[in-house]
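See structure below.
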Number of protein chains: 2
Amino acid sequence: MTMSSNSGGRRKPPTIHDVAREAGVSRGTVSRVLNGGHYVSPAAQEAVDAAIRRTGYVVNRHARSLITGRSDSVGFLLTEPQERFFEDPNFNVLLSGCTQALAAHDIPLLLMLAGTKDERRRITRYITAGHVDGVLLVSSHSGDPVAEELREAGVPLVACGKPIGLGSKVSYVAADDRDGARDMVRHLVSLGRRRIGVVTGPLDTPGGVERLAGYKEVLAEAGVEVDERLIVSGDYSRASGEAGAERLLAQAPDMDAVFVASDLMAQGVLAVLQRAGKRVPEDIAVGGFDDSPAATAVTPALTTIRQPWDRISTEMVRVLLAQIGGEDPAAVILPTEFVRREST
Amino acid sequence: MTMSSNSGGRRKPPTIHDVAREAGVSRGTVSRVLNGGHYVSPAAQEAVDAAIRRTGYVVNRHARSLITGRSDSVGFLLTEPQERFFEDPNFNVLLSGCTQALAAHDIPLLLMLAGTKDERRRITRYITAGHVDGVLLVSSHSGDPVAEELREAGVPLVACGKPIGLGSKVSYVAADDRDGARDMVRHLVSLGRRRIGVVTGPLDTPGGVERLAGYKEVLAEAGVEVDERLIVSGDYSRASGEAGAERLLAQAPDMDAVFVASDLMAQGVLAVLQRAGKRVPEDIAVGGFDDSPAATAVTPALTTIRQPWDRISTEMVRVLLAQIGGEDPAAVILPTEFVRREST
DNA sequence: TTCTCTACTGTGAACGCTCACAGAAGCATG
DNA sequence: CATGCTTCTGTGAGCGTTCACAGTAGAGAA
């Protein structure tokens, strides 16, 4: 009479009705068991549990979502070509941090890639159709139309890093880039260095802008003149670090320290300096940023600024869930940490 | 009277009803417009289009899915720690290939990570609850419980690479690893090499097993004795390639060629050989596998076996969609391509 | 004219679930 | 014994959509 688990076959899955009949209770009671079990007698609870096990029932989330208006899942949206992120160690930490933080609430995370314009359209539609309750946005560059669109559609949204183009109406969580940069440059100054170069990040990203700002602020405080020949830009890649270092050596041969806005770029910088016969840190002190695995993989190990990626991810999730719960957008800025190693 | 696009606010989104009223037609007509526009008069079509634009309507996919039983999205499931994949260039090709192939059908792809046991439970529940129509599974290792679970639940499933543990009831798309390995080893033999070493992949993966099998087959054909000292295993990582090469050099100093089951490992092998003062290819010819970016990034450029990742992804999508459409599971094996470069 | 066919439109009835409400049962209190 | 309170249970309505079906109008054929 009872049918065994419908292995293989493609028959209709059991509904809450089937479970109710099997357990000898009503739909309502089954639903209550499913949603926390309040106001359910022990006997009913047990009968329902057994019936669920016997029928192999799983709730149909479409039906549930239709009425609750919730999907109980959140999206992790990348609006740039994936490779950029996948090769970034910080990204992996961020992603697994978010996954874990959400896991505590039993919420699955869906990674959505929207590298092309076409993809963005499709994904935006998917999101606004209510398939996720909120979005964790990782898109470093400014002028991202997706963020604006989602915000307009009223989708709860938390960005990683301050979105440049948007107003203050969108939540974000960011490390205190400027303060981190200040710590590093202040450290270099305290070592007696005065011809301090900088390889910035892309200047259309908040990180790029802020870290450069911190650099300039400290020089101003210290009464050191800002020399444009000591400032070059990169794109956070190792290769751009090499290019930047070569440019700096050519433009300012008397450079005695360099602040590099990412460890990956610093890796490239170190390679070029060593090739050029410069001793690190004796001739040129090198400061990185991120405290990524690259920082310790390299010789000499990098003095760097640790970004609190673990806290960033948990904060992003916290703010997003709060916003889904109806709270207003919020900005969270987290402190960075100075890590002294051998390169300075 | 008409309300402007509800920017910012959190009010109820418009339903198909609102659109129908706005356009002066019935729900049915709006629905027909939404689903291809057959049996709709030009006048109605236009009125509905206008109404949709005016109200900013987007279909509620939960409601649609509830009745159609479809979610019009597919999942891309990783059942292993993410890092393994993210740092693998093949993986990126595969992922974007699938995304593109699905885009042609206007189907969004959801990347789901299930590295931990807990995650796996959550994701399995999510999938079986009908949130995706099918799953593209990437899990190289055998004995993956998720695949079995999904298959039992009747979820359309296509694996990348032959799943070892499972029966023939699950679809998969794979490159012809054995044949590719045969091509490479035959090439080495044709160069006159007889002491041919091999660094295999993990032997609990189909790739690891098959490539080793191809190696042994060719040696048997060529009448060359299989020497266990010439066989070591790696895990596809660069580091394991280095370790493997060191072991081989120690165990079989007379080795005159080595077939390495991945380009990344081959990179490590090359480094060790050069450090040991061996000339490649003069002293030792090196053959890789994958034709990944690493193959050309290295000196000398690697002779290798190209895996047809672009075709693999399109085939995976094709098979999955067919299966969602009701067809039976299928296995697809794609030919590899021999690429001659400077390392042999 | 009358009939058939095609192109189009509107209307219930689902889909599987949750929610609000009404009611029953048990128990203590007045 | 009625009253109120708490705990538990069942029922109907409805979420927003598609689908099947019935129906209308107009064109062409008999």
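Nearest heavy atom pair, residue Leu94(A) against residue Trp309(A), reads CD1-CE3, 3.8 Å.
The backbone N or O of Arg27(B) lies less than 3.5 Å from no partner atom in the side chain of Ser31(B), so there is not a single donor-acceptor pair. Ser73(B) contributes no side-chain N or O that, together with a main-chain N or O of Val132(B), makes up a donor-acceptor pair within less than 3.5 Å. The closest donor-acceptor contact from the side chain of Asp18(B) to the backbone of Thr15(B) lies under 3.5 Å. Checked by atom type and distance alone, the side chain of Ser171(A) never pairs as donor or acceptor with a backbone atom of Val158(A) at under 3.5 Å.
Between His62(B) and His62(A), the two ring planes are tilted [angle within 30° to 60°].
Between dT9(D) and Ser41(A), a contact under 4.0 Å exists linking OP1 or OP2 to a side-chain N or O.
Mapping heavy-atom proximity under 4.0 Å, the span of DNA chain C touched by chain A runs 5' to 3' from dG16(C) to dT18(C).
A salt bridge does not link Arg53(B) to Asp49(B): none of the charged nitrogens lies less than 4.0 Å from a carboxylate oxygen.
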Next item on the list: List the steps and the verdict of side-chain contact (heavy atoms from CB on, under 4.5 Å) for Leu157(A) and Val155(A).
Entry: CA-CA 6 Å; Leu157(A) 182 70; Val155(A) 178; 5.6 Å; no

Notebook entry, point to check: When you check every protein heavy atom under 4.0 Å of nucleotides 13-19 of chain D, what one-letter string (B, S, -) results, 5' to 3'?
Noted result: BBBBBB-

